[in-house]
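Below, chains carry the letters A, B, ... as their sequence lines are ordered, and counting in each starts from 1. Side chains are part of it too, since the values below use all heavy atoms of this structure and drop only hydrogens, waters and symmetry mates. As the structure is a prediction and not an experimental result, all values here were calculated from the model.
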Protein chains: 2
Amino acid sequence: MEGVDILPHERSKKQFDVDAMKIVWAGSRHAFEVSDRMARLVASDPAFQKDNRSRLGRKELFKNTLRKATYAWKRIIELRLTEEEAGRLRFFVDEPAFTDLHWGMFVPAIKGQGTEEQQQKWLPLAYKMQIIGCYAQTELGHGSNVQGLETTATFDPDKDEFVIHSPTLTSSKWWPGGLGKVSTHAVVYARLITNGEEHGVHGFIVQLRSLDDHMPLPGITIGDIGMKFGNGAYNTMDNGVLTFHHVRIPRNQMLMRVFQVTREGKCVQSNVPRQLIYGTMVFVRQTIVADASSALSRAVCIATRYSAVRRQFGSQDGVETQVIDYKTQQNRLFPLLASAYAFRFVGEWLKWLYTDVTQRLQANDFSTLPEAHACTAGLKSLTTTATADAIEECRKLCGGHGYLCASGLPELFAVYVPACTYEGDNVVLLLQVARFLVKTVSQLGSGKEPIGTTAYLGRVQDLMQCRCEVQTAEDWLKPSVMLEAFEARSARMCVARAQNLSKFANPEDGFAELSADLVEAAVAHCQLIVVSKFFDKLQQDIPGNGVKQQLQNLCYIYALNLLHKHLGDFLSTGCITPKQASLANDQLRSLYSQVRPNAIALVDAFNYTDHYLGSVLGRYDGNVYPKLYEEAWKDPLNDSVLPDGYNEYIRPLLKQQLHNARL
Amino acid sequence: MEGVDILPHERSKKQFDVDAMKIVWAGSRHAFEVSDRMARLVASDPAFQKDNRSRLGRKELFKNTLRKATYAWKRIIELRLTEEEAGRLRFFVDEPAFTDLHWGMFVPAIKGQGTEEQQQKWLPLAYKMQIIGCYAQTELGHGSNVQGLETTATFDPDKDEFVIHSPTLTSSKWWPGGLGKVSTHAVVYARLITNGEEHGVHGFIVQLRSLDDHMPLPGITIGDIGMKFGNGAYNTMDNGVLTFHHVRIPRNQMLMRVFQVTREGKCVQSNVPRQLIYGTMVFVRQTIVADASSALSRAVCIATRYSAVRRQFGSQDGVETQVIDYKTQQNRLFPLLASAYAFRFVGEWLKWLYTDVTQRLQANDFSTLPEAHACTAGLKSLTTTATADAIEECRKLCGGHGYLCASGLPELFAVYVPACTYEGDNVVLLLQVARFLVKTVSQLGSGKEPIGTTAYLGRVQDLMQCRCEVQTAEDWLKPSVMLEAFEARSARMCVARAQNLSKFANPEDGFAELSADLVEAAVAHCQLIVVSKFFDKLQQDIPGNGVKQQLQNLCYIYALNLLHKHLGDFLSTGCITPKQASLANDQLRSLYSQVRPNAIALVDAFNYTDHYLGSVLGRYDGNVYPKLYEEAWKDPLNDSVLPDGYNEYIRPLLKQQLHNARL
């Protein structure tokens with residue numbers, strides 16, 4: 001039962017004000033209070049229990065999610081929760097459901113792409129959930145390449161209707177969450193055809209199911225696409241398949257804020273700028289970065305607490321060493337802890353960026369949009385890839401027991417990994433960033449100054465020549481030194497790539513041939529953004545005893561670990577010397593020692609309830625082993641002493657009577 | 001339906017003899033024929049169908065596995081299969097079951113650790129499966145540190161019995177496969193106590209369940225430990241928990257080949273060398289390396305075929321580009337293809353090493369054992385870590401559809417990852433390798449020549465000074481150049497680490513402090529082994545048109561990709577220059593182009609049936625989309641048009657009647 005003693009002891013060693021850190025993590029006192037209140041509300045309500053998820057079959061699991069999602073909505077109404085509170089409540093319910101797509105994609109699509117009139121008609125229905133909507137974009141044969149979608153929407157001027165049709169098997173809508181069994185409506189993306197001409201892909205509001213009896217409407221075939229990765233995880237969601245057989249909708253159900261089809265079937269560009277769509281992408285990707293820090297911090301919280309509870313080897317006085325005291329463990333775990341904080345702060349900054357972009361768009365200023373778009377695309381890619389890997393690393397850091405569903409980590413991994421693919425495949429996004437960087441470099445000296453996160457490229461002359469001044473391990477603890485190393489690395493990689501590209505007669509051939517190299521430059525650039533935004537955060541006034549010191553340590557750990565991991569970049573571009581790299585490693589080890597006594601408190605600062613964590617290994621009280629033991633007996637296999645199949649299979653085997661057995 | 005045309009077209013482009021490559025992959029014509037016959041036998045028998053696994057609840061799943069494992073045994077008897085054939089049959093059945101532990105751990109433990117007499121008593125029962133055994137070593141509180149196990153076996157001289165007991169909760173046996181519901185017997189590891197004194201951890205044969213009615217015997221509590229990562233996957237296995245309450249067994253059920261307890265309770269070391277145990281470890285880890293190449297090749301086969309079928313973006317003539325033609329895809333996929341072959345050959349060599357070690361042990365020659373032990377430990381770690389990561393990378397390379405269970409990749413990942421933890425945690429193993437390397441370096445010049453895979457360290461003086469001669473990209477295609485770079489890197493890292501260690505007053509403190517650095521040196525050494533064994537393979541006579549050329553390309557891809565990934569090592573130790581690294585990258589791209597037309601044929605050479613692959617995306621005929629569509633409808637959620645829960649939850653929600661709803 002030592003676990004129960006050990007975490008309080010760990011907590012007594014901390015050197016900073018955890019309550020103040022909780023505010024920093026949450027972003028503000030207000031945000032903390034809302035989160036805290038909603039987390040407790042969910043955790044204390046048995047209706048939201050989730051620890052049986054891995055044991056439920058698909059049908060039971062799905063039905064249970066319908067109940068929870070509906071109950072959550074009922075509570076939201078009863079308690080008259082604000083939009084912010086409702087969002088946090090759903091977050092802590094922690095179970096993918098049709099409501100995610102309704103609120104997260106269907107409603108925003110209508111708000112962003114619908115005319116005033118369309119918004120007035122559809123939004124009140126959606127807000128009350130009198131209709132439930134989903135977002136039907138991807139098809140069996142098309143994901144990343146939206147312009148390649150095959151579903152058609154052909155205008156019929158005789159009837160003033162669009163005919164939605166799936167001309168091929170591969171044009172079947174495939175993946176939309178909430179589609180398979182629940183949604184009554186969808187925003188469907190299809191190729192617009194009027195007068196026999198194609199006019200690109202547009203969104204259409206299509207009713208899928210009867211509001212009377214929920215049966216699919218004529219011409220519509222819908223189903224669930226089947227089991228997905230993991231226990232529980234996204235199997236709570238009815239990701240669906242949908243085909244149309246000449247389904248008719250009124251012309252006014254095309255989302256026409258930006259692009260319109262007239263009664264006569266003519267296409268008209270409205271005076272609303274197309275760029276608004278990029279604003280929405282910035283918004284969605286910013287939330288994905290915020291989600292990355294949530295998922296990562298959750299995994300790190302579990303692995304850190306269990307690393308303090310778990311002992312193995314090295315018996316001094318008969319007590320074995322806590323595994324968190326091993327440098328190999330620290331070297332894998334603490335950079336992930338640092339990443340959780342780093343992603344939190346860069347996510348916070350992206351929220352600001354979205355606000356800034358929105359204000360500019362409203363003032364018809366599109367100047368910052370390409371940079372903002374590249375920046376969010378890159379950070380989406382960087383943070384989701386890192387988080388998916390980190391969750392699995394945290395699972396491994398928990399040793400064998402991390403493989404049990406009771407650890408919470410298998411489900412967290414399985415439910416998280418789609419983030420690397422949805423809303424832009426991570427490699428495709430990095431190629432977009434690379435393209436933007438190459439363009440930026442090519443325009444240097446043309447009078448067009450790079451802005452925002454690419455501003456450092458304006459100092460490219462200096463950065464191509466600067467020499468790192470580090471002579472001692474402590475020298476690495478200067479923001480200017482660290483930033484310069486990351487800026488020089490990124491700038492030199494961008495310039496080198498641009499030069500290699502210029503050797504190709506056809507730039508597109510070059511881009512294709514060198515794409516793997518270009519992706520590396522994009523990663524270097526994005527890592528620089530995260531590091532620099534962490535340093536920016538440290539410039540702010542951060543109250544609370546010792547809080548800033550801890551964040552500084554984490555910031556340097558984040559940066560120095562990246563430097564070590566990507567040492568080839570730093571050395572081959574001549575940004576640092578091997579000797580300086582070795583000093584960076586020494587400094588990293590010293591920082592690990594400084595984090596060690598604060599590690600438990602640093603994950604306590606995430607303020608996660610045991611309900612939300614959903615992990616026996618990560619329990620706040622550290623009472624791991626008795627609870628693991630208790631949990632085991634809940635498995636259906638333990639319902640009876642003899643397993644189903646004993647008489648049919650095991651007994652004949654043991655009794656050497658297989659010749660008669662029915663197998 | 002383009003998929004059906006595309007793979008035959010791809011196959012027509014190949015530049016080598018696939019049938020000859022199949023023999024190379026299998027290891028010999030005989031091995032190929034046995035594998036091929038068993039694979040077809042399993043694939044053609046509906047009793048071994050497995051594509052419903054992800055949809056089954058735990059109880060159904062487990063019962064189904066009992067049936068298959070028993071049926072497999074019945075077929076093995078009926079067809080009078082050889083041991084080799086039986087092993088391959090179980091391999092292709094591809095479902096973890098109690099039989100794995102019975103044949104893979106229980107029987108070998110008795111063979112390796114039992115006396116002649118014990119073997120004569122127990123093996124015939126085990127060979128006929130009149131008893132079913134498992135291997136009960138790990139406990140709730142102890143995995144890696146076997147010497148820390150808490151279960152006790154106390155000798156009672158009055159009754160000539162051992163009393164097996166679980167003194168604490170954490171001493172509960174935890175994880176053994178086959179234990180939870182099936183095994184009648186176990187080899188149990190416990191601390192031996194005689195006359196009040198402890199004598200280390202030893203193995204004991206303990207009967208767990210009645211052979212009459214399968215009920216647990218008095219004093220024994222057994223159950224299943226609950227759900228594990230993934231759909232299907234290891235949930236087909238009854239990993240178990242077991243506690244003893246003063247359970248008595250006869251003295252002669254202690255496995256006494258090496259260490260004996262006499263009638264009086266005295267401990268006697270037998271004349272059988274303890275080192276035999278290490279021989280067993282070499283054997284087990286060698287099979288794990290072979291399994292790594294199987295799992296990895298399977299994932300690569302799926303991802304490669306689907307990358308040829310899938311098209312996205314870049315429409316020329318209205319047809320989109322096959323994703324396998326993107327350099328970013330090749331850059332991620334082809335090194336994994338190369339790794340599959342690399343691991344296959346290093347696994348083949350380990351088989352030889354095991355034979356060699358065994359022969360030496362029988363001749364009382366223990367001289368090569370430490371090196372063989374370090375080498376297998378390191379390769380187990382290297383190949384399993386790389387394979388686990390690679391399976392997930394292959395899943396991502398399949399885009400969104402890789403997330404569906406129908407892709408086969410989620411289950412392959414979930415069922416594979418425990419290999420990183422069992423039979424030695426991968427980081428703990430690398431530390432053992434590092435310890436061996438440091439010792440080897442410290443003994444250089446003492447007259448004790450390094451042997452086997454460490455022989456290169458005997459040339460450390462040269463390797464500390466050599467300069468890479470590469471001046472053009474083609475220069476990298478010389479085995480001597482490549483090997484020297486990898487040898488120099490590893491040697492310099494080992495020497496540098498040893499020097500850093502020598503700065504510590506207490507070597508153990510140094511080892512703990514620098515452990516993360518030491519692990520890196522161990523990785524460098526192990527990668528060198530894989531590269532050099534690949535080159536050794538190429539020295540052999542390899543028949544078949546173009547076969548050797550393909551293997552050469554893969555060998556260089558494997559090595560050059562590692563060089564790029566670990567560029568920091570190569571540059572910081574001065575083994576190569578940034579310019580040479582850049583040339584290595586150019587060469588890598590050129591090799592990708594050479595592999596491209598052969599990619600499908602190179603995965604066909606694995607000779608996997610569609611049954612074994614278990615993936616709609618990896619189908620031999622490429623008919624992906626219609627089969628994905630078909631598969632979707634099998635989900636239980638599609639049993640009815642309206643989902644369970646419509647009336648209780650969705651309808652009241654839509655009808656705004658939640659106030660009365662029971663949620």
Side-chain angles (χ1 to χ4, degrees), chain A residues 54-55 57-59 62-63 66-67 70-71 74 129 140 143-145 169-170 175 181 214 223-229 231 241 312-313 327-328 331 399-400 403-405 410 418 421 427 515-516 567-568 571-572 578 581 625 631-633 635-638 642-646 649 653 658 663, chain B residues 54-55 57-59 62-63 66-67 70-71 74 129 140 143-145 169-170 175 181 214 223-229 231 241 312-313 327-328 331 399-400 403-406 410 418 421 427 515-516 567-568 571-572 578 581 625 632-633 635-638 642-646 649 653 658 663:
Chain A
S54 71
R55 292 186 292 267
R58 182 82 205 277
K59 272 187 180 175
F62 184 69
K63 184 176 179 183
L66 290 182
R67 178 185 58 74
T70 304
Y71 177 73
K74 187 183 176 198
M129 299 200 87
L140 193 46
S144 295
N145 185 11
L169 178 78
T170 49
W175 275 118
K181 291 285 150 184
H214 208 63
D224 183 273
I225 58 169
M227 292 292 290
K228 290 144 289 183
F229 198 169
N231 324 78
V241 48
Q312 205 77 178
F313 288 114
K327 284 285 165 189
T328 45
N331 186 52
Y403 190 61
L404 285 170
C405 288
T421 312
V427 172
S515 54
L567 189 54
L571 292 177
S572 63
Y625 296 119
E631 200 62 23
W633 299 100
D635 193 273
L637 279 194
N638 292 325
L642 296 185
D644 272 8
Y646 166 70
Y649 313 124
L653 177 74
L658 285 182
L663 299 170
Chain B
S54 71
R55 293 186 292 266
R58 182 81 205 278
K59 272 187 181 174
F62 184 69
K63 186 177 176 182
L66 291 182
R67 178 184 58 73
T70 305
Y71 176 72
K74 189 184 174 195
M129 300 203 85
L140 193 47
S144 295
N145 185 11
L169 178 78
T170 49
W175 276 116
K181 290 286 149 182
H214 209 64
D224 184 273
I225 59 170
M227 291 293 287
K228 290 144 290 185
F229 197 167
N231 323 79
V241 48
Q312 207 78 179
F313 288 115
K327 285 284 166 190
T328 45
N331 186 53
Y403 190 62
L404 284 170
C405 289
T421 312
V427 173
S515 53
L567 188 55
L571 292 176
S572 63
Y625 296 119
W633 299 99
D635 194 273
L637 279 192
N638 292 326
L642 296 185
D644 272 8
Y646 166 69
Y649 313 125
L653 177 75
L658 284 181
L663 298 171

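- In terms of heavy-atom proximity, B:S572 sits nearest to A:P578 at O-CB, 3.7 Å.
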Next on the checklist: Go through it in stages, so that I can follow the logic: the residues are B:L571 and A:L567, the test is side chain to side chain contact (heavy atoms under 4.5 Å, CB included), and I'd like the CA-CA distance, side-chain angles, deciding distance and then a yes or no.
Outcome noted: CA-CA 9 Å; B:L571 292 176; A:L567 189 54; over 6 Å; no
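- Contact annotation for A:T421: only side-chain heavy atoms (C-beta onward) come within less than 4.5 Å of a heavy atom of chain B.
- Residue contact with chain A, scored on non-hydrogen atoms closer than 4.5 Å, involves the backbone and the side chain of B:D644 alike.
- Among all heavy-atom pairs drawn from B:Y649 and A:R67, the shortest one is CZ-CB, 3.5 Å.
- The CH2 atom of A:W633 sits 9.0 Å away from the CG atom of B:D224 when rounded to the nearest 0.5 Å.
- Atom NZ of B:K63 sits about 12.5 Å away from atom CG of A:L637, to the nearest 0.5 Å.
- Interface remark: B:F62 contributes side-chain atoms only to the contact with chain A (heavy atom separation under 4.5 Å).
- Taking the six-membered ring where the residue is Trp, B:W175 and A:Y403 present tilted rings, their angle falling between 30° and 60°.
- The distance from atom CG of B:L663 to atom NZ of A:K74, rounded to the nearest 0.5 Å, is 5.0 Å.
- Interatomic distance, A:Y625 OH to B:T170 OG1, rounded to the nearest 0.5 Å: 7.5 Å.
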Checklist entry - Stepwise, does the side chain to side chain contact (heavy atoms under 4.5 Å, CB included) test hold for B:F229 with A:C405? => result CA-CA 6 Å; B:F229 197 167; A:C405 288; 5.8 Å; no
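- Considering NZ of B:K228 and OG of A:S54, their distance stands at 11.0 Å, rounded to 0.5 Å.
- No donor-acceptor distance shorter than 3.5 angstrom exists from the side chain of B:D635 to the backbone of A:I225, with no hydrogens or angles considered.
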